[in-house]
Amino acid sequence: MPRDPDPRTQGLPRPYDRQAADRLVEDFAERGSAERAYAGSQAGQALLAALGGHSPYLAELALRESPSLLRLAERGPDDAMTVALDPLARCDAAAPRAAVGGLLRRVKRQAALIAATADIAGLWPLDRVTGALSDLAEATLDMAVAHLLREASARGELRLPGGSRRDPKAVARGAGLTILGMGKLGARELNYSSDIDLMVLYDPEAAAYHADRAGALYVRLARDLVTLMEERTAEGYVFRTDLRLRPDPAATPLAVSIPAAITYYGSMGQNWERAAMIKARPVGGDRALGDSFLREIRPFVWRRHLDFAAVADIHSIKRQIHVHKAAKGAHDSVQVAGHDVKLGRGGIREIEFTAQVLQLIWGGRDPALRDPTTLGALAALAGAGRVERRAAADLADAYVFLRNVEHRLQMVADRQTHRLPEDIEGLARIASFLGFEGPEVFAAAFTAHLRRVERHYGGLFEAAPDLAESHDGGNLVFTGVEDDPSTIATLKSMGYQNAAGVAAMVRGWHHGRPRATRSERARELLTALMPVLLAAFARQREPDAALARFDAMLMRLPAGVQVLSLFTRNPALLDRLAGILGAAPQLADHLARNPAALEGLLSGQPGGISPAAVAGSLPALIKDARHVEEAMEAARRLAMERNFEIDAAALEGLIDPDVAGEARSDLAAAAVSALLPHVVADFAERQGKVKGGALCIVALGKLGGREMLPGSDLDLVLIYDHDPAAETSTGGQRALPPSQYFGRLANQVVAAITAPGADGKLWEVDMRLRPSGSKGPVAVSLGAFQRYHAESAWTWERMALTRARVIAGPAALARRITAAIRAALTRAEFARRALPDAAAMRGRMLRDLPPEGPWDLKLAPGGLVEVEFVAQALQLAHAHRMPAVLATQTRAAIATLAKQRILPAEEAEALIRAEKLWRGVTGLLRLTVGRAREEALPETVAAALLRTTAPLLREPAIDLPGLRAQMRQTAAEVRAIFERRIGAPVIAGDQN
């Protein structure tokens, strides 16, 4: 016979789905006699209809755990919850894993049903519902931890003083393991289908038999705890667990040692972690150990000074900030359908963070404000006058309302969702579940709360700088451990393809993963710089790749404050760097390997580069070095900076290929010239001296012609001379004949140039152009050099000699070497062979050294080699009668040949233009892709190439095919000139 109406169930909502409600009443009645009696009562029908008519999940629980529902109906929810949790206190923690897991899941089902029913029926207020769910989580954690500790003890891995006790809490005492509950679990505010935020900490000296292996033991315990809690079986699951609130979760194991955690919070802890720690409390394992840890880091959380500086940083944690001063467009009105009650405007997160920010500001001096619960904190803040009472009341009312909405959303299908349905039927179900007459009435109440929260939130923080706002009004929030949905949307709208990857990368910077961002000041600068930085990289054609290169560079910087300060004060520098990293992977890789080169960019003046200025300070800096190693380090450091400055300016089109080539060459010459005296002096200390001896360095190739490209080797020849009477060195460890002495000295010189250091190496050295090539001595005497070029040199060696110039060594010997070079180039007997030998040599190159791809502009027909051959062969052919044609630089030599009427002016102009174009294109490709073997180029490279070549063409190319067409035309012009002035390239036998 139906009972009288139960006054405790008068607030139950009417079922939304009447058929589902009737079906649950019928199915429940079939479970047994007690269930049949309850289903026949008015109270039972009302409750079952409320459950079944709104939630398939609760309907299933009601059938599966009907005794718990009957106990609640008979004795109330408090008694029913006590009975549900009681088996956890009586279970033997040493029971098999399957038995323990099954018990945990049964207890979870029963407690979830009881909490939901008490909530829906209005039997418990919000804080009792969330408190009961938190008690459930804590009790299941205690049982799970006790079981895992007993297992580890049985394996002989740790001492367990309380291992024989029945109480799970007692088992864990002294075990060296503590579990902190974070977030809502820590504050006893757990929502209905929440995961539990945990931090697993251990004391490596407390209980493990082997302290050096304690980390592995506790990490395994943490991993097993996660599995035991969240693995889904036929019995269901207990709780989803989240361990990402531990210190630096991307870089630390699942369990963190307490000393490491204390060090982290003391040196790199962030403001959002201070906010998270407000709610932290021990919820499993050794609670005394957890309390001790929290006392240790209390100064990190609660600062005695008024921490207004943290407002902006904590403010940016908010997952979706759209206060009235920045809101625009679609954000002008609060939407109901699809609104996120947790993260959306006016939502739960804004209420929570209002309380937390004010607690962090004032709680250091007023312990009464440190209440971990949101409602308790609001009341305490209002009582202390830190927030208006009306505002605190509105926020508290909204918090309760929104948490109830959140619970109903999650009760429908046990899903951790916070978003209202987007369809009208779904909204109607939730409105009914909350007891509203219809979705319109619910929407009015819902939006009223949101607007009040938004108004108070905006009023509290309207004076705070909004570091989360990007330039277009979107969010850029990288605190915490989760992706902010609004930030992900902002990054995508900016052009980033892998927005989640970018967010994870930036969070790593804020966590201090790069050494450069580990200081508090560096992270403050980074936070302020972030919108500008991301905008700068978003302007690149491939922003994700460019930002990844910046990350690689940042990872290698020894410190970050200076660089980040420079970027903050001068965003144009950041734009320059972003442009370089976006367009030039090769240059970016170099910068990542050698971050010291960044100083060349930061200290340089775009467009103000001159060869003299680039090389000017280097000799003086090296001269002041106290020993040869210091001189080498100084040369490497400054050369690295200056080379990067040159390459960056060339990439950006701020200097043309001629200026860049001269600047690179003069830098190399200055470095070699400044190093040589140090190497000679150091060598003499050990090996003595040769009477009247001296050594000079002669540059050939691109260095000799002042036309160096990015990555060019140094083509060098080392020439020495000495007093003819000197047979050996004197004053050293042992006497050496001059040839051996200068040979060893030459090796020391080459080693000084090529030896790697902390900033890389200066340059590679190529000595194959010395007399007799690789078979000849490393250093050659002046007499041998003269005889070789008078008697034995091949035409190609004499052609190479047209670019020779002395770049280092005593002036007297340098003058004699220069005269010897001039004499070798003006011998009449070799003039007649210059042109046919050059044509034959070019033919052999085409046969044996074909171009490596469509962008090999050195070896291609009509390419750089043919321009150089025209200049060099014509100089050899005519220098004996007009020495004025000699010039080491290709374009200067061509101009001189035209001036002497050996080349027509229009041909000289075409060759000079072609040579500059080939160097410009080759230089840019080396900076960007290295060796391009395919016709197609990355879009960023193609764009940079079109920009760089525009001043070098008769008519700027609008696209890559247009550029290629002009290059083919230029190559054809060069080939035609080559054949007219030198002859058609032919395959011929070797000639002297």
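Hydrogens, waters and symmetry mates play no part in the numbers below; they use all other heavy atoms, side chains included.
- For the pair Glu662 and Arg891, the salt-bridge criterion is met [side-chain N within less than 4.0 Å of a carboxylate O].
- Across all their heavy atoms, His510 and Arg523 have their closest contact at O-CD, 2.9 Å.
- Between Met199 and Leu243 there is no side-chain heavy-atom pair separated by less than 4.5 Å.
- Put simply, the side chain of Arg926 gets close to the backbone of Pro710: a donor and an acceptor are under 3.5 Å apart.
- Across every non-hydrogen atom of Ile753 and Leu762, the tightest pair is O-CB, 3.1 Å.
- Remark: aromatic rings of Phe550 and Trp509 are close, center separation under 6.0 Å.
- You'll find the side chain of Arg274 reaches within 4.5 Å of the side chain of Phe300, heavy atoms only.
- Annotation: side chain of Thr949 is not in contact with side chain of Lys916 (no heavy-atom distance under 4.5 Å).
- Side-chain contact between Leu343 and Pro485: present, with at least one pair of heavy atoms (C-beta onward) separated by less than 4.5 Å.
- Leu547 contributes atom CG, which lies 9.0 Å from atom CG of Leu581 (distance to the nearest 0.5 angstrom).
- In this structure a side-chain-to-backbone donor-acceptor pair under 3.5 Å is missing from Arg919 to Glu707.
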> After noting the C-alpha distance and the side-chain angles of Leu529 and Leu564, does the key distance pass the side-chain contact (heavy atoms from CB on, under 4.5 Å) rule?
Replying inline: CA-CA 8 Å; Leu529 189 65; Leu564 294 172; 3.9 Å; yes
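- To the nearest 0.5 Å, atoms CD1 (Ile655) and CD (Glu645) are separated by 8.5 Å.
- Put simply, the side chain of Trp272 reaches to within 4.5 Å of the side chain of Leu245, judged on heavy atoms.
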>> Please determine whether side-chain contact (heavy atoms from CB on, under 4.5 Å) holds for the pair Gln966 and Leu952, giving the CA-CA distance in whole Å, both sets of side-chain angles, and the decisive distance to 0.1 Å.
In response: CA-CA 11 Å; Gln966 290 203 51; Leu952 310 180; over 6 Å; no
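- A salt bridge (Lys or Arg N to Asp or Glu O under 4.0 Å) with Arg664 is found for exactly one of Asp713, Asp658, Asp647, namely Asp647.
- Taking CE of Met182 as the start and CE of Met277 as the end, the distance is 4.0 Å to the nearest 0.5 Å.
- Contact detail for Gly582 and Arg549: the closest heavy-atom pair is O-NH1, 3.7 Å.
- For the atom pair Met555 CE and Arg513 CZ, the distance stands at 6.5 Å (nearest 0.5 Å).
- With Arg244 contributing its side chain and Asp197 its backbone, the two residues share no donor-acceptor pair below 3.5 Å.
- Between Ala668 and Met708 the shortest heavy-atom distance is CB-SD, 3.9 Å.
- One distance of note links CZ of Arg515 with OG1 of Thr517; it measures 11.5 Å at 0.5 Å rounding.
- A donor-acceptor contact shorter than 3.5 Å links the side chain of Tyr496 to the backbone of Leu534.
- Thr252 places a side-chain N or O within donor-acceptor distance of the main-chain N or O of Pro247, the cut-off being under 3.5 Å.
- Residues Val672 and Leu714 form a side-chain contact, since some pair of their non-hydrogen atoms from C-beta on lies under 4.5 Å apart.
- Considering every non-hydrogen atom in both Arg947 and Leu651, the closest pair reads NH2-O, 2.8 Å.
- With a 4.5 Å cut-off on side-chain heavy atoms, Asp544 and Phe537 do not count as touching.
- Two residues are said to be in side-chain contact when any heavy atoms from C-beta on lie closer than 4.5 Å; Phe567 and Leu533 fail this criterion.
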>> Let's go through Tyr265 and Glu273 carefully: what are the C-alpha distance in whole Å and the side-chain angles of both, what is the deciding distance for side-chain contact (heavy atoms from CB on, under 4.5 Å) to 0.1 Å, and is it a yes or a no?
In response: CA-CA 9 Å; Tyr265 288 122; Glu273 290 172 304; 4.2 Å; yes
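- Panel note: side chain Arg246, backbone Val256; no donor-acceptor pair is recorded below 3.5 Å.
- Shown here is Gln497, whose CD atom has no more than 12 heavy atoms of other residues, nucleotides or ligands within 6.0 Å.
- Interatomic distance, CG of Leu917 versus CG of Leu857, reported as 7.5 Å (0.5 Å rounding).
- In plain terms, the two heavy atoms of Val941 and Ala583 that are nearest each other are CG2-O, 3.9 Å.
- In this structure a side-chain-to-backbone donor-acceptor pair under 3.5 Å is present from Arg636 to Ala755.
- Formation of a donor-acceptor pair under 3.5 Å by the Ser493 side chain with backbone atoms of Thr490 is found in this model.
- A donor-acceptor pair is defined here as one N or O able to donate and one able to accept, closer than 3.5 Å; such a pair exists between the side chain of Arg964 and the backbone of Pro854.
- Side chain of Trp855 to backbone of Glu935: a donor-acceptor contact under 3.5 angstrom is found.
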>> The test is side-chain contact (heavy atoms from CB on, under 4.5 Å); show your working for Val506 and Met530 and say whether it passes.
In response: CA-CA 9 Å; Val506 175; Met530 194 53 57; 3.7 Å; yes
